Chemist: 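Mind having a look at this structure? Questions to follow.
Below, chain A is the first sequence line, B the second, and so on; all start at residue 1. What you see is a predicted model; the values in this text were computed from it and never measured.
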Amino acid sequence: MAVLHYREALRAAMTEEMERDERVFLMGEEVAEYNGAYKVSQGMLDQFGANRIIDTPISENGFAGIGIGAAMVGLRPIVEFMTWSFGYVAFDQLVNNAANMRYMSGGQFSVPIVFRGNSGIAGALGATHSHRPEALYSHVPGLTVMMPSTPADAKGMLKAAIRSDDPVVFIEHENLLGDRGEVPDDRDFLVPIGKADVKREGSDVTILTYSRSVLTSLKAAEIMASEGVSVEVVDLRTLRPLDLETILKSVVKTHRAVIVEEDWPYCGIGAGVADRVYNAVFDELDAPIRRVTAKDTPIPYNRRLEASVIPSVERVVAALKDVLYKK
Amino acid sequence: MAVLHYREALRAAMTEEMERDERVFLMGEEVAEYNGAYKVSQGMLDQFGANRIIDTPISENGFAGIGIGAAMVGLRPIVEFMTWSFGYVAFDQLVNNAANMRYMSGGQFSVPIVFRGNSGIAGALGATHSHRPEALYSHVPGLTVMMPSTPADAKGMLKAAIRSDDPVVFIEHENLLGDRGEVPDDRDFLVPIGKADVKREGSDVTILTYSRSVLTSLKAAEIMASEGVSVEVVDLRTLRPLDLETILKSVVKTHRAVIVEEDWPYCGIGAGVADRVYNAVFDELDAPIRRVTAKDTPIPYNRRLEASVIPSVERVVAALKDVLYKK
Amino acid sequence: SRNQALGWLRQMLLIRRFEERSAMLYQNQKIGGFCHLYSGQEAVAVGSIGALREDDYVITAYRDHGHALARGMDPKFAMAEQLGKAAGCSKGKGGSMHFFDADKGFLGGHAIVGSHLPLAAGVAFASKYRNDQKVTICYFGDGAMDQGALHEAFNMASLWKLPVIYVVENNGMSMGTQLHRHSCLIDLTIRGGTAYGMPGVAVDGNDIEQMAKITLEAANRARAGEGPTFIEAQTYRFRGHSMSDPMKYRSKEEAEKAKERDPIVLYESLLKERGWINGAALEEMHEKIKVEIDEAIEFAENAPEPELSALYEDISVAPYLPQE
Amino acid sequence: SRNQALGWLRQMLLIRRFEERSAMLYQNQKIGGFCHLYSGQEAVAVGSIGALREDDYVITAYRDHGHALARGMDPKFAMAEQLGKAAGCSKGKGGSMHFFDADKGFLGGHAIVGSHLPLAAGVAFASKYRNDQKVTICYFGDGAMDQGALHEAFNMASLWKLPVIYVVENNGMSMGTQLHRHSCLIDLTIRGGTAYGMPGVAVDGNDIEQMAKITLEAANRARAGEGPTFIEAQTYRFRGHSMSDPMKYRSKEEAEKAKERDPIVLYESLLKERGWINGAALEEMHEKIKVEIDEAIEFAENAPEPELSALYEDISVAPYLPQE
Ligand SMILES: Cc1ncc(C[n+]2csc(CCOP(=O)(O)OP(=O)(O)O)c2C)c(N)n1
Ligand SMILES: Cc1ncc(C[n+]2csc(CCOP(=O)(O)OP(=O)(O)O)c2C)c(N)n1
Ligand SMILES: [Mg+2]
Ligand SMILES: [Mg+2]
């Protein structure tokens with residue numbers, strides 16, 4: 001076990017997989033000579049050279065398509081979007097070409113590619129630079145969507161994504177890049193796609209969450225513990241396909257659930273998850289599922305306003321008390 | 001009252017609003033000299049001339065942005081996407097520029113624009129040409145999303161959209177274009193944004209639906225009626241903002257709901273609606289809300305496979321019986 | 001060579017026949033969706049693909065029947081695909097616009113205008129990455145010149161000297177819009193070549209041997225590591241944009257005049273002049289093709305529909321888990 | 001004229017001072033998010049906007065302080081915006097990258113690279129539609145040359161002869177990527193002008209009077225209905241891409257050499273040569289600007305934060321209904 005930053009864990013995942021498999025390469029804006037706009041790919045150009053660590057022009061739609069084309073003939077590209085907010089100009093390539101290629105070709109062409117980059121309401125970046133695309137991509141059959149919350153998951157999940165033979169939308173969180181944590185050194189340490197993780201065990205109420213909101217949720221769980229309430233925190237990790245089994249196991253145990261996410265509320269991941277939980281175990285629920293989400297507004301620049309948008313520990317605690325019918 | 005095709009109703013809406021307001025113009029691929037790929041704009045070039053009915057190159061991202069820019073300085077563009085499947089290359093313009101402009105400018109620049117075109121699983125068009133984008137755009141604050149199911153609604157809703165001072169995503173259904181129905185002649189006939197419509201009154205169970213699925217739902221309601229079950233069919237019409245009031249009124253009356261939609265299930269409109277209904281009136285529900293959606297797959301070309309994807313009357317009837325606990 | 005020439009003529013005739021019968025099948029509603037015929041443009045695909053190696057890559061847009069057949073796809077599987085059968089080249093899941101054939105290096109069949117141009121650069125990128133000496137050829141229409149995807153793909157293809165050949169099939173129409181109404185310049189070699197520092201060559205797309213010659217030069221440049229070439233193949237489509245296009249924008253005269261430059265007629269007479277084929281042999285060739293297409297249709301009509309369970313197959317390599 | 005010249009110098013100094021103080025405020029974490037300084041490029045905005053009419057439209061990217069101030073935005077409101085205050089030019093909702101000023105015809109401040117190029121064409125489209133004789137000028141960086149949005153906007157702007165001036169501020173860098181590593185051609189007038197059949201003019205962007213002259217010619221063409229012009233303004237940014245850029249890619253020497261071509265120093269000495277200003281007057285000008293920026297900062301620091309209720313305001317013209 002080494003203690004790594006989340007960003008170092010991502011780098012370790014890419015580095016190990018590139019050492020393991022010649023077909024893997026990294027492409028994106030400023031990933032090579034600049035060592036990454038967020039320093040995720042620091043040093044990788046020196047190690048792998050310019051053939052495998054490739055700086056691109058600001059042409060997301062173009063190089064997303066280049067990645068897909070290369071994947072169709074057997075390479076295994078990692079395409080970095082500097083942030084996912086810049087991925088919307090490439091939306092068509094992901095939703096039409098990456099997601100549909102195998103199906104439209106009757107199984108002849110698969111697309112083993114990872115699209116990755118950070119996202120989130122990261123701090124006074126304004127509306128154009130604070131997008132959270134997870135619900136949009138999770139809506140689309142043919143895509144896999146993963147969002148790690150810890151350095152260990154960042155490494156294990158990204159390695160699994162790179163080894164996947166299908167297109168993966170891998171969404172990191174800008175504000176987690178500097179987090180530190182224990183990370184297994186095992187070069188075959190993989191966090192399987194489609195497996196959630198119980199980050200804290202509990203018996204009274206379940207929190208379903210992912211990415212940065214896992215940290216917020218764990219803080220809220222601490223506070224509730226001090227009030228004698230046992231909160232289970234389930235980190236969804238893979239948003240598509242969803243690990244409904246782990247989710248239902250927890251909800252059937254606690255009979256109460258709160259969903260915490262940084263995305264917008266309407267038709268968001270939380271809505272998708274809640275709908276499936278109700279559909280599966282309606283009679284097991286002793287209270288309606290409550291959701292703590294980003295406020296339903298564009299993201300403002302002003303820090304106070306921005307802070308009021310993001311799920312806070314207080315809002316999570318209030319939601320927990322609500323489903324527990326506690327005042 | 002005149003009897004018009006859905007496509008004629010759309011044309012009447014645009015024509016009347018263009019006669020009423022000099023600032024309104026129509027721009028898109030083949031809208032002018034070709035008279036519209038789907039003949040919605042038939043004859044409008046002759047009536048309004050090439051300054052106001054404008055053929056564009058195949059540059060959706062470009063002309064969507066041109067429309068937004070023109071709207072920022074006071075024009076009221078109608079931008080036609082030949083179909084919404086071709087709108088994904090313009091996704092960034094809609095989600096970043098149209099949706100955020102007023103907010104980012106502190107209220108200085110509004111974007112009175114209508115993006116319109118047809119969508120749906122329209123008949124052996126394959127995965128790239130059968131998209132239903134409603135959930136994706138409904139997720140985004142700053143956008144209004146409307147989907148008419150009848151000729152009368154098509155006219156009244158499109159007129160309201162054109163008169164709106166905010167960006168509207170107006171989604172028609174390719175298979176409804178040829179439908180006929182009574183349409184009010186009144187040049188000020190408007191269907192207000194954000195108002196659902198009870199298309200059939202009932203007391204035992206509620207169907208929440210929109211666009212083509214309204215027709216499927218009404219057929220299912222007929223069948224249930226013959227079995228002595230009274231089904232209320234609520235046509236959502238505007239998906240964002242949602243008319244929760246009308247929805248809850250019906251659900252509180254029937255205590256049972258089925259949601260029928262042609263979009264994919266996960267994080268779709270139905271999930272967004274179900275989540276809000278549960279959140280508001282959980283205790284009023286005598287059964288979990290069931291959903292009838294498109295199957296969670298890319299859309300196949302083969303007609304039989306395609307037919308199996310789309311919500312059928314049979315599947316709606318089965319869902320109704322399920323929430324009624326009928327065998 | 002004579003053999004090659006006769007092979008090319010045969011392929012053009014095969015494509016023409018395939019399209020004529022496709023039109024009939026579409027009218028009888030055996031073929032659904034959108035169906036875009038290649039009639040009139042045969043020399044572009046046959047001549048250019050004819051100049052390439054068997055292991056080079058071919059990718060095109062939705063008007064893809066001609067390229068697939070020129071690449072050697074069996075008309076049986078092409079026709080079966082249009083009829084949505086399991087034996088189709090895309091198992092009946094792609095349809096007319098989405099033909100694929102991995103064995104032949106045929107990478108589709110892409111129906112979002114412009115969206116396959118970056119894919120072509122990506123395939124060429126893979127060849128450069130592996131140094132496998134393969135060339136990728138990518139076809140698209142004049143209307144696709146206006147898509148941003150072209151701009152991004154061309155800049156990177158040129159910047160990185162990728163072994164790709166971009167062929168715009170300039171048939172003068174973007175659906176119902178004439179070139180001068182959708183393109184700021186009529187000379188597409190400026191927009192596609194000069195603009196990106198790559199050679200831009202205009203060629204008579206109805207002259208199959210010219211088409212082959214120019215393509216071979218481009219392929220040699222690509223293999224020599226000199227990067228991409230842009231070819232403007234000037235041609236004409238005899239049919240409507242798709243089967244649902246009444247072609248109101250076109251006069252009888254224009255259509256008649258165009259027929260005089262039918263690439264097949266031109267090549268037939270050229271080969272006759274050269275004495276490489278005579279009327280009788282030509283007759284026989286037409287006959288053989290007629291039979292081949294009849295057999296393809298028979299095969300397609302009798303081929304089984306996909307099982308309903310196929311709906312959930314071929315979505316992902318990993319076991320697919322529907323999120324329902 | 002002398003007055004105009006002194007006014008331009010004043011504006012350049014104002015911008016430079018504004019940026020220097022912005023850098024300090026960013027380091028003190030009073031300014032958040034991404035902050036891109038305009039230092040070194042002042043002559044481009046001041047010279048070109050100086051050649052336009054007051055009612056013409058201006059739109060730019062995220063490196064927008066200079067254009068806003070050149071357009072006459074009060075530094076108070078610009079600074080207040082960076083501090084996220086309600087009195088800011090975007091009510092504290094836009095921030096450094098999203099300045100707006102409707103009264104001055106300043107249409108932002110756009111942070112998705114390339115996404116405002118179609119907007120500019122749209123604003124010009126509106127002017128043509130209304131025949132209001134207004135011209136739209138649109139600024140962007142060399143990195144934006146590679147975005148598909150440019151390609152689509154330029155084709156339509158040229159095709160429809162829209163009254164728009166596109167100015168690429170070629171500072172040789174797309175963030176950390178040198179021009180030759182991101183652009184297939186070094187001569188951007190080919191990529192932006194020739195490629196779209198519009199005049200493409202390269203100009204020394206640090207020569208403010210040249211900048212004004214070329215822009216005036218372009219504006220006259222636009223007003224005469226002759227369509228768009230592409231201007232490549234060759235310049236240099238003194239600071240990092242944004243405040244968070246350590247500039248490892250740049251040598252001291254390079255930076256030093258660039259300083260010799262500081263557009264402000266160049267213009268100061270030119271005006272001195274002409275005898276239009278002397279050392280004392282220049283001193284006074286610097287002093288006045290120092291005070292003006294100090295006042296702007298004081299105003300911004302003392303200005304109130306937006307109310308929390310402002311979160312839900314300015315989303316739509318119609319009453320906003322959160323979908324929560
Ligand atoms: C992004 C996108 N926009 C619009 C369409 C609809 N469409 C299909 S083909 C076509 C015209 C293309 O013309 P061209 O590129 O010249 O090819 P041709 O049909 O002449 O072969 C249009 C508008 C589409 N498929 N994709
Ligand atoms: C679509 C998109 N991709 C990436 C970014 C991140 N980004 C912001 S500015 C920039 C470099 C732009 O360079 P250039 O266009 O030359 O403008 P300059 O910064 O030199 O003024 C990048 C990559 C973005 N904002 N939008
Ligand atoms: Mg064409
Ligand atoms: Mg630059």
Chemist: State, to 0.1 Å, how close A/Ile299 and B/Tyr103 come at their nearest heavy-atom pair, and which atoms those are.
Modeler: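 Heavy atoms only, the tightest pair is C-CE2, 4.1 Å.
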Chemist: How close do B/Asn100 and A/Pro298 get, counting heavy atoms only, and between which atoms?
Modeler: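 Scanning both residues completely, I find the closest heavy atoms to be OD1-CB, 3.6 Å.
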Chemist: List the atom of B/Val95, the atom of A/Tyr88, and the distance in Å for their closest heavy-atom pair.
Modeler: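 Of all heavy-atom pairs spanning B/Val95 and A/Tyr88, the closest is CG1-CE1, 3.9 Å.
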Chemist: Taking every heavy-atom pair that is under 4.5 Å apart, which of B/Ile289, B/Leu239, B/Asn61 has the most such pairs with chain A?
Modeler: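 Sorted descending by pairs with chain A, the first entry is B/Leu239.
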Chemist: Nearest heavy-atom pair of B/Phe282 and A/Ala287: which atoms, and what distance?
Modeler: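 Here B/Phe282 and A/Ala287 meet closest at CE2-C, 3.9 Å.
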Chemist: Do the side chain of A/Arg291 and the main chain of B/Asp275 share a donor and acceptor less than 3.5 angstrom apart?
Modeler: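 Looks like no, no N/O pair under 3.5 Å.
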Chemist: Apply side-chain contact (heavy atoms from CB on, under 4.5 Å) to A/Phe86 and B/Asp92, showing your working.
Modeler: CA-CA 9 Å; A/Phe86 312 143; B/Asp92 174 70; over 6 Å; no
Chemist: For chain B, find which of A/Pro141, A/Gly142, A/Gly126, A/Ser138 contributes the most heavy-atom pairs closer than 4.5 angstrom.
Modeler: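 Top count of heavy-atom pairs under 4.5 Å with chain B: A/Pro141.
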Chemist: What residue in A/Pro288, A/Gly272, A/Ala99 has the most heavy-atom pairs under 4.5 Å with chain B?
Modeler: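 That would be A/Pro288.
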Chemist: Which residue out of B/Ala274, B/Pro265, B/Gly268 racks up the most heavy-atom pairs below 4.5 Å with chain A?
Modeler: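 The candidate making the most pairs under 4.5 Å is B/Gly268.
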Chemist: When you compare the side chain of B/Val89 with that of A/Phe91, does any pair of heavy atoms fall below 4.5 Å?
Modeler: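 No, their side chains stay 4.5 Å or more apart.
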Chemist: Identify the two heavy atoms, one from B/Asn96 and one from A/Thr128, that lie closest to each other, and give their separation to 0.1 Å.
Modeler: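 The answer is OD1-CA, 3.4 Å.
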Chemist: Please answer whether the main-chain N or O of A/Tyr266 pairs with a side-chain N or O of B/His139 as donor and acceptor at a distance below 3.5 Å.
Modeler: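 Here the side-chain-to-backbone pair exists.
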Chemist: Counting heavy-atom pairs closer than 4.5 Å to chain A, which one of B/His131, B/Gln93, B/Met104 comes out on top?
Modeler: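 Looking at each of B/His131, B/Gln93, B/Met104 in turn, B/His131 comes out on top.
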